[in-house]
Amino acid sequence: MRVVFMGSPDFSVPVLEALVSAGHDIAAVYCQPPRPAGRGKKDRPTPVHARALELGLDVRHPKNFKAEEDRADFAALEADIAVVVAYGLILPQAVLDAPKQGCLNIHASLLPRWRGAAPIHRAIMSGDAETGICIMQMEAGLDTGPVLLREATEIGAQETTGALHDRLSQMGADLIVTALSDLPNLVAEVQPDAGVTYASKIDKAEAEIDWTLPAEDVDRQIRGLSPFPGAWSLYGDSRVKLLGSCVVDGTGQAGEVLDDAFTVACGTGAVQISRAQRAGKGAQDRDVFLRGHPLETGRIMKGN
């Protein structure tokens, strides 16, 4: 098929690669424009932009589709279909209608649960047992279109957003290839009104740990916000990001370091930290972190 691909971050790259490997004709790749990043604040292309150039593909990055010229350029591609995954722009109806068979979105949840910007984070933070990938026909509403294909997967007991992100990215890549190969036979499933939830964008204010909460909630917060923005707490005057954890037995004052294995008491129960990061340093597994930064048993970790 003649495909327009629309995506920007790391999550989208395996999908683009899978479409190329499957032999589809990529008419153009649309992504977010390069933006200042790093210490020098030089413009840095998105991961999709960089990979598309390596593959020798035509890359386009309009700021939006308000200009008639941008909408006309898109329509002139005469695509059979557009594949959209984490693109970062709302598409006007003229763009949605331009490809002969419309636009398909790859969404990282089991719709209608977790429509919106941060479905992977929210699934873990809410304690969902499973999540998955949906291939959805796009319409004007936010992730409201009918679902053509879906695949579920269990969320591991110690899985972080980062790890689940990578698994779902590959699942999406595999599922869109299947969807395009069997498109005439797929039946669109209208999303039910029951069970709709919205995965709002992660606010950095959510990252401060409240140790008075039950251990299950603290564990979900740590794993759900790993690696970004990273749940954090203060040890003395130093902010420490906690990037991996599991629920364990333990009793003590909320935030109390219970042993030399990085076990911290919560409102009920305790969590054991498996990965941590001090400000200005790289993330480290627990054993490496503790060798350089041993913790004092009985010390209280807390917020600002």
Side-chain angles (χ1 to χ4, degrees), residues 9-11 13-14 37-41 44 47 108 118 120-125 127 154-170 202-267 269-304:
D10 287 322
F11 187 85
V13 172
R39 292 183 178 180
K41 296 300 180 183
R44 180 181 297 174
I120 303 175
H121 296 80
R122 297 299 176 190
I124 291 179
M125 293 173 74
E154 291 184 1
I155 299 175
Q158 297 183 40
E159 196 161 24
T160 64
T161 285
L164 184 56
H165 166 284
D166 292 349
R167 285 208 298 121
L168 291 176
S169 176
Q170 190 57 56
I202 297 296
D203 190 320
K204 288 185 178 181
E206 298 178 72
E208 181 179 347
I209 295 173
D210 179 358
W211 293 106
T212 66
L213 294 174
E216 290 78 10
D217 291 346
V218 174
D219 171 61
R220 292 168 186 167
Q221 179 186 15
I222 291 171
R223 292 185 295 108
L225 297 180
S226 173
F228 181 83
W232 64 268
S233 189
L234 291 178
Y235 180 79
D237 294 329
S238 300
R239 180 180 289 201
V240 180
K241 284 186 179 182
L242 307 178
L243 301 173
S245 62
C246 63
V247 176
V248 295
D249 293 332
T251 303
Q253 182 180 343
E256 180 182 354
V257 178
L258 298 179
D259 55 28
D260 60 2
F262 217 151
T263 303
V264 184
C266 302
V271 295
Q272 186 174 66
I273 306 305
S274 59
R275 192 165 176 81
Q277 180 179 8
R278 283 188 176 267
K281 306 294 182 180
Q284 297 175 314
D285 290 339
R286 177 180 61 239
D287 292 346
V288 177
F289 181 89
L290 291 176
R291 280 200 295 270
H293 310 283
L295 303 182
E296 179 184 344
T297 300
R299 194 78 174 268
I300 304 297
M301 300 189 73
K302 55 186 179 181
N304 284 326

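What you see is a predicted model, and the numbers here were worked out from it, not measured in a lab.
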| query | Can you name the closest pair of heavy atoms from Ile155 and Ala123 and give their distance? | reply | CD1-CB, 4.1 Å
| said: Just verifying a value: how many Å separate Leu213 CG and Arg220 CZ, rounded to the nearest 0.5 Å? | reply: 11.0 Å
| field | Residues in side-chain hydrogen bond (donor to acceptor under 3.5 Å, both in side chains) contact with Ser233, at least two apart in sequence or another chain | value | Trp211
| Non-hydrogen side-chain atoms of Phe11 and Leu168 separated by less than 4.5 Å | yes
| Where do Glu296 and Tyr235 come nearest, in terms of heavy atoms and distance? | N-OH, 2.8 Å
| note | Hits for salt bridge (charged side-chain N to carboxylate O under 4.0 Å, His left out) against Asp285, two or more places apart or cross-chain, chain-then-number order -> Arg275
Report all side-chain donor-acceptor pairs from residues 248-260 shorter than 3.5 Å, counting only partners two or more places apart or in another chain.
residue	atom	partner	partner atom	Å
Glu256	OE1	Gln253	N	2.9
Asp259	OD1	Ala261	N	2.9
Asp259	OD1	Phe262	N	3.4
Asp259	OD1	Thr263	N	3.1
Asp259	OD1	Thr263	OG1	3.2
Asp259	OD2	Thr263	OG1	3.0

| message | If you define the side chain from C-beta out and look only at heavy atoms, does anything of Ile124 sit under 4.5 Å from Thr160? | response | no
| query | What's the spacing between Glu159 CD and Arg223 CZ if we round to 0.5 Å? | reply | 8.5 Å
| Side-chain heavy atoms of Ile222 within contact of Ile273, under 4.5 Å | yes
| message | Whether the side chain of Ser274 engages the backbone of Gly244 through a donor-acceptor N/O pair (distance < 3.5 Å, no angle test) should be reported. | response | yes
| Side chains of Asp217 and Gln221: closer than 4.5 Å at any heavy-atom pair? | no
| For the atom pair NZ (Lys302) and CD (Glu208), what is the distance rounded to the nearest 0.5 Å? | 11.5 Å
| said: Check whether Thr212 reaches the backbone of Gly267 with its side chain - one donor and one acceptor, N or O, closer than 3.5 Å. | reply: no
| task | For Ala276 and Leu242, work out which heavy atoms get closest and say how close. | result | CB-CD2, 4.2 Å
| query | Does a sphere of radius 6.0 Å around CD in Glu206 hold more than 12 heavy atoms from other residues, nucleotides or ligands, not counting ones at 6.0 Å or beyond? | reply | yes
| Which heavy-atom pair separates Ala207 from Gly230 by the least distance, and what is that distance? | CB-O, 3.5 Å
| task | Rounded to the nearest 0.5 Å, what's the gap from CG on Leu164 to NE2 on His121? Could you check? | result | 10.5 Å
| For Pro229, does its backbone N or O pair with a side-chain atom of Lys241 as donor and acceptor, under 3.5 Å? | yes
| task | For Arg286, check salt bridge (charged side-chain N to carboxylate O under 4.0 Å, His left out) against everything at least two apart and list the hits. | result | none
| Can Val271 and Cys266 be said to form a side chain to side chain contact (heavy atoms under 4.5 Å, CB included), step by step? | CA-CA 7 Å; Val271 295; Cys266 302; 4.1 Å; yes
| request: Measure the spacing between CH2 of Trp232 and CE of Met301 and express it to the nearest 0.5 Å. | output: 10.5 Å
| field | side chain to side chain contact (heavy atoms under 4.5 Å, CB included) evaluation trace for Gln170 with Asp166 | value | CA-CA 7 Å; Gln170 190 57 56; Asp166 292 349; over 6 Å; no
| message | Going by the rule salt bridge (charged side-chain N to carboxylate O under 4.0 Å, His left out), which residues pair with Glu216 if we only count those two or more places apart in sequence or in a different chain? | response | none
| Any side-chain heavy-atom pair from Ile202 and Met125 closer than 4.5 angstrom? | yes
| note | Hits for side-chain contact (heavy atoms from CB on, under 4.5 Å) against Gln284, two or more places apart or cross-chain, chain-then-number order -> Val288, Phe289, His293
